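These values consider heavy atoms only, across backbone and side chains, with no hydrogens, waters or symmetry-generated copies. Letters A, B, ... are given to chains in the order of the sequence lines, protein chains preceding strands, and every chain is numbered from 1. If you're wondering where the values come from, they're calculated on a predicted model, not measured in any experiment.
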Amino acid sequence: GAGVSQSPSNKVTEKGKDVELRCDPISGHTALYWYRQSLGQGLEFLIYFQGNSAPDKSGLPSDRFSAERTGGSVSTLTIQRTQQEDSAVYLCASSPRGGTGELFFGEGSRLTVL
Amino acid sequence: AQKITQTQPGMFVQEKEAVTLDCTYDTSDPSYGLFWYKQPSSGEMIFLIYQGSYDQQNATEGRYSLNFQKARKSANLVISASQLGDSAMYFCAMRDNFGNEKLTFGTGTRLTIIP
């Protein structure tokens with residue numbers, strides 16, 4: 001499809017395991033964001049990629065969280081040694097260069113840490 | 001640094017009435033954009049409306065309008081003739097057009113339309 005694609009849509013894991021969440025942005029979009037949303041809460045900014053610039057990692061909650069974006073396209077968010085408080089929906093969004101900067105969101109990856 | 005404030009965690013409004021959702025922002029950049037998104041219980045994020053800082057007129061999109069008061073740094077969303085389907089979380093967001101252009105979201109307002 002033409003939208004932002006995230007996988008897996010649902011992930012259940014045990015405490016202490018590592019997880020990888022994938023985001024495939026809209027083709028040609030230079031900006032890519034990761035947000036975290038706990039149940040009933042707002043969007044917590046995690047990390048922002050813009051073209052070839054150094055990513056803005058100011059929102060990553062701990063060094064267990066990391067993200068990369070390969071070839072300016074697909075991004076992977078990795079959470080090491082997961083904790084129960086990591087349980088949330090992880091939303092990815094992309095945006096084209098120029099224009100209004102409107103974000104196009106994926107449907108999210110729901111992570112449950114047991 | 002950018003900051004977006006939504007002071008209403010929840011609102012209840014009678015169906016068919018108009019509703020205003022508050023949003024104030026703080027930035028030192030002269031050029032920026034303001035956005036509103038809707039998130040129904042299904043979880044998807046739906047873009048509603050955009051206002052540029054240099055736009056002379058308030059943005060409108062169907063039943064949505066943005067009451068932009070630049071001097072007061074407010075960008076309230078107005079929904080006219082509310083419908084049951086308007087029940088959702090609403091997020092205000094801002095993007096500075098200088099610097100790293102990151103979009104920053106407010107904490108959201110949960111709107112419930114009462115039949």
Side-chain angles (χ1 to χ4, degrees), chain A residues 1 3-6 9-10 23 25-26 29-60 67 69 87-112, chain B residues 1-10 21 23 27 29 31-55 59 61 66 68 75 87-112:
Chain A
V4 177
S5 178
Q6 291 189 246
S9 55
N10 270 288
C23 174
I26 294 172
H29 281 193
T30 57
L32 187 147
Y33 298 75
W34 284 98
Y35 293 91
R36 178 168 72 173
Q37 188 175 31
S38 300
L39 187 63
Q41 302 299 310
L43 274 70
E44 178 187 4
F45 167 75
L46 296 178
I47 189 168
Y48 164 60
F49 297 90
Q50 175 59 272
N52 295 320
S53 302
D56 179 343
K57 303 180 182 180
S58 60
L60 295 178
R69 188 178 185 192
S87 297
V89 175
Y90 290 80
L91 289 165
C92 177
S94 70
S95 171
R97 168 69 80 177
T100 66
E102 175 193 346
L103 294 190
F104 296 79
F105 281 84
E107 295 188 351
S109 292
R110 181 177 297 277
L111 175 65
T112 303
Chain B
Q2 313 167 7
K3 186 173 181 181
I4 294 282
T5 302
Q6 294 182 255
T7 58
Q8 305 152 310
L21 305 181
C23 174
T27 180
D29 286 338
S31 178
Y32 50 89
L34 297 156
F35 304 78
W36 278 91
Y37 282 83
K38 172 184 178 182
Q39 188 181 42
S41 57
S42 57
E44 62 193 296
M45 290 288 285
I46 302 168
F47 167 74
L48 295 179
I49 197 166
Y50 167 82
Q51 179 85 43
S53 59
Y54 292 124
D55 292 344
E61 289 287 347
L66 201 151
F68 180 45
S87 294
M89 281 287 285
Y90 288 81
F91 294 98
C92 180
M94 181 177 72
R95 170 181 180 259
D96 282 339
N97 291 334
F98 298 125
N100 73 359
E101 303 177 335
K102 183 175 71 180
L103 206 92
T104 302
F105 282 83
T107 53
T109 295
R110 182 172 298 281
L111 175 64
T112 303

Which portion of A/Glu44 sits near chain B, non-hydrogen atoms under 4.5 angstrom
neither

Supply the atom-to-atom distance B/Leu103 CG to A/Tyr35 OH, rounded to the nearest 0.5 angstrom.
5.0 Å

Rounded to the nearest 0.5 Å, what's the gap from CZ on B/Phe47 to CZ on A/Phe105? Could you check?
11.5 Å

So for atom CD, which belongs to A/Glu107, do other residues, nucleotides or ligands contribute more than 12 heavy atoms lying within a distance under 6.0 Å?
no

Sub-4.5 Å side-chain heavy-atom contact between B/Met45 and A/Leu43:
yes

Nearest 0.5 angstrom please: B/Phe91 CZ to A/Gln37 CD, how far?
5.0 Å

Side-chain donor or acceptor of B/Tyr37 paired with backbone N/O of A/Leu103 under 3.5 Å:
yes

Side chain, backbone, both or neither: which part of B/Gln39 has an atom under 4.5 Å from a heavy atom of chain A?
side chain

Side chain / backbone / both / neither for A/Glu102 at chain B, heavy atoms under 4.5 Å
both

